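Right, one structure below, let's go through it.
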Amino acid sequence: MKSLARLHYAHLPTPIEPMPRITKALGGPDLWIKRDDQTGLALGGNKTRKLEFLVADAREKKARTLVTAGAAQSNHCRQTAAAAAKFGFDCILVLAGEPADQVSGNLFLDHILGAEIVWTRGETREHVLQNTYLDAQNEGRQPYLIPYGGSNPIGAAAYALAMRELKEQGAQPDWIVFPSSSGGTQAGMVLGARMFDLHAQILAISIDEKADDLKQRVAGLATETADFLDEPQEFQAEDILVNDEFLGGGYGVLSDLEREAISLFARYEGILLDPVYTGRAAGGMIKLIQAGYFTAGSTILFWHTGGAPALFADRYLPSLI
Ligand SMILES: *Cc1c(COP(=O)(O)O)cnc(C)c1O
C-alpha cells in the first residue's frame, strides 16, 4: 500500500464496547458499538479520520485556506473548521440555505471555531462552492477544496485503514451497520475489508439516497481509492450493501424511527446518537432486527459515526423529547 501523508491527532483506536442492555431489550443478536463519535477534534465523528489525510494533503500542497461545503448542521463542516484551527488554516464553509436567525448546534460551533460562512441562498451548492474557491484563489488565499463529506480517495483511505484498526482490535463481527451519505466511509470500509481480510457484511443504511445510486457511487469511489493506494481492486454496485427503506421524509427530517433509536441508545446504554445519521441508521438496524433480517446468534457492530452536536440544533431539539 502506498504510504500517505497523515497528521496523527485522532484519538485512535476508538473503543469497541458491548451493548448488553440493548441486546437484551431487542432479544439478540449480540450488539456492539465502535465509538467513532469519540475520535476527538471538537466533539469527534467520522470526518476526524478523513481529515487526518485531507489536511495533511492540504499542507503538502502549501494551502492556507480550507474550503468545503455541507448542510447548515453539517458535522463535516464543524470538524473541518476545527482541523483548520488546529493546523493554522483559514476555513471557509459553504452552507446550504439562507443565513440562520438562530445559531445553534454545529453551526454555533462553526462560529466558535472561527470559520467564515457563505450561504448558498437559492443557488446550487456546487456552483457556490466553485465560486467561493475561485474567489479565494483570486484573493491569494491559497485555497484547498475538500469535497462534500470529505469523500474522495484521500478521505476514503482513512476508512480503509480504520478496518485494519478493527482487525487489530480482534473484532470479528458478522455485520457492520452504519449510516452512509456521501459514501466515503462506506467506500473505505469495503476496500479495507478486502485489503485486511475481514469477513463482516458491511451494511449501510442510506440517509438520503436511493440504494442503486449510492451503491454505484460507493463502488466507483472504492475502486478509485484502491487505485490511489496502489492496491488495484474492482468494485461493482452488486458488491455494495445498502438499505434505503428508511429515507422517510428525506435528509434531516425526523420521525419516530430516529426518536425511538435515540431514546433507546440513551436510556439503555447512555450513548448519544445524532438526529440525522446515526439515529436513522440505528433505527433502521432495530427495524431489521425486529423483522428477523439477521440470523440468530450473529454479532453486529454498530459503527457510531458521530453527530451528537446536532441534537442541540434548534431545528431538531424541540422534536426530540
Ligand atoms: C458525514 C456523516 C456520515 C456519513 O458519512 P459519509 O462518508 O458521508 O457517507 C455519517 N454519520 C455522521 C454523523 C456524519 O457526520
Side-chain angles (χ1 to χ4, degrees), residues 14 33-39 41-51 53-54 68-83 93 95-96 105-107 109-110 125 146-160 162-163 176-192 202-209 211 213-222 225 240-244 246 251-252 258 261-262 265 271-285 302-313 316:
T14 53
I33 187 163
K34 174 110 169 117
R35 300 297 303 272
D36 271 21
D37 56 324
Q38 306 287 321
T39 49
L41 194 66
L43 302 178
N46 62 344
K47 309 310 181 307
T48 298
R49 287 188 192 267
K50 298 178 179 186
L51 287 162
F53 295 90
L54 291 160
T68 196
Q73 282 300 326
S74 166
N75 302 300
H76 164 66
C77 287
R78 177 247 314 159
Q79 289 175 274
T80 301
L93 303 175
L95 300 183
N106 280 305
L107 179 59
L109 298 177
D110 295 342
R125 188 176 63 206
I146 298 180
Y148 187 61
S151 285
N152 60 13
I154 300 174
Y159 268 89
M163 294 301 275
I176 295 173
V177 180
F178 62 102
S180 187
S181 178
S182 67
T185 302
Q186 189 175 11
M189 283 182 183
V190 296
L191 172 59
I202 297 170
L203 174 62
I205 306 298
S206 177
I207 297 307
D208 49 3
E209 204 175 2
D213 298 335
L214 184 53
K215 284 181 186 180
Q216 204 78 49
R217 213 183 42 256
V218 169
L221 181 54
T225 306
I240 310 297
L241 295 179
V242 173
N243 183 307
D244 66 2
F246 307 104
Y251 180 85
E258 292 82 17
I262 288 170
F265 274 65
I271 291 174
L272 299 175
L273 300 177
D274 82 287
V276 180
Y277 297 95
T278 53
R280 179 162 292 179
M285 177 180 74
F302 183 76
W303 202 308
H304 194 326
T305 48
L311 289 172
F312 304 99
Y316 301 120

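Remember, it's a predicted structure, so these values are computed and weren't measured experimentally. Values below: every heavy atom of this structure, side chains too, minus hydrogens, waters and symmetry copies. Just so you know, ligand 1 is whichever comes first in the structure, and atom 1 is the first atom listed for that ligand.
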message = Among all the protein's non-hydrogen atoms, which is closest to atom 8 (O) of ligand 1, and how far away is it?
response = Ser182 OG, 2.5 Å
query = Should Phe302 and Thr278 count as side-chain neighbours, where that means a heavy-atom distance under 4.5 Å?
reply = yes
task = Work out which heavy atom in His76 is nearest to a heavy atom in Pro147; give both atom names and the distance.
result = NE2-O, 3.6 Å
inquiry  = With a cutoff of 4.0 Å, is Gly45 in contact with ligand 1, counting heavy atoms of the residue only?
reply    = no
request  = Could you list which atoms of ligand 1 come closer than 4.0 Å to a heavy atom of Ser151?
outcome  = 7 (O)
Within-shell test, Gln79 vs ligand 1, heavy atom, strictly < 4.0 Å = no
query = Tell me, do Ile146 and Lys50 make a side-chain contact under 4.5 Å, heavy atoms counted?
reply = no
ask   = Which residue supplies the protein heavy atom nearest to atom 1 (C) of ligand 1, what is that atom called, and how far is it?
value = Lys47 NZ, 1.5 Å
inquiry  = Below 4.0 Å, non-hydrogen atoms only: which portion of His76 touches ligand 1? Side chain, backbone, both or neither.
reply    = neither
ask   = Heavy atom of Thr278 under 4.0 Å from ligand 1?
value = no
message = Within ligand 1, which atoms have a heavy atom of Thr185 less than 4.0 Å away?
response = 5 (O), 6 (P), 7 (O)
ask   = If you count the atoms of ligand 1 from 1 in the order shown, which ones are under 4.0 Å from a heavy atom of Ser180?
value = 9 (O)
key: Nitrogen or oxygen of Pro179 less than 3.5 angstrom from that of ligand 1   = no
task = Decide yes or no for Leu221 and Pro153: does some side-chain heavy atom of the first lie under 4.5 Å from some side-chain heavy atom of the second?
result = yes
inquiry  = Tell me the contacting part of Ile207 for ligand 1: side chain, backbone, both, or neither, using a 4.0 Å heavy-atom threshold, strictly below.
reply    = neither
Asp36 vs Thr185 side-chain heavy atoms within contact, under 4.5 Å = no
ask   = What do we get for Lys50 next to ligand 1 when only non-hydrogen atoms under 4.0 Å count, side chain, backbone, both or neither?
value = side chain
task = Any atoms of ligand 1 less than 4.0 Å from a non-hydrogen atom of Asn75? List them with their elements.
result = 13 (C), 14 (C), 15 (O)
remark   = Only residue of Gln38, Lys34, Arg35 satisfying side-chain hydrogen bond (donor to acceptor under 3.5 Å, both in side chains) with Thr14 is Lys34
key: Trp303 vs Asn46 side-chain heavy atoms within contact, under 4.5 Å   = no
ask   = What protein heavy atom is closest to atom 10 (C) of ligand 1, reported as residue, atom name and distance in Å?
value = Thr305 OG1, 3.3 Å
query = Mind checking whether Ile207 and Tyr251 have side chains closer than 4.5 Å, heavy atoms only?
reply = yes
query = Should you measure from each heavy atom of Gly307, which atoms of ligand 1 turn up under 4.0 Å away?
reply = 13 (C)
inquiry  = What I'd like to find out is whether the side chain of Asp244 reaches to under 4.5 Å of the side chain of Leu214, using heavy atoms alone.
reply    = no
request  = Just need the protein heavy atom nearest to atom 13 (C) of ligand 1, so name the residue and atom and give the distance.
outcome  = Gly306 O, 3.1 Å
ask   = Is there a side-chain contact between Ile271 and Ile33, using heavy atoms and a 4.5 Å cut-off?
value = yes
task = For atom 4 (C) of ligand 1, grab the closest protein heavy atom and report residue, atom and distance to one decimal in Å.
result = Asn46 ND2, 3.8 Å
task = Check the pair Asp37 / Leu272 against side-chain contact (heavy atoms from CB on, under 4.5 Å), numbers first and verdict last.
result = CA-CA 9 Å; Asp37 56 324; Leu272 299 175; over 6 Å; no
message = Looking at ligand 1, is there an atom of it that comes within less than 4.0 Å of some heavy atom belonging to Gly149?
response = no
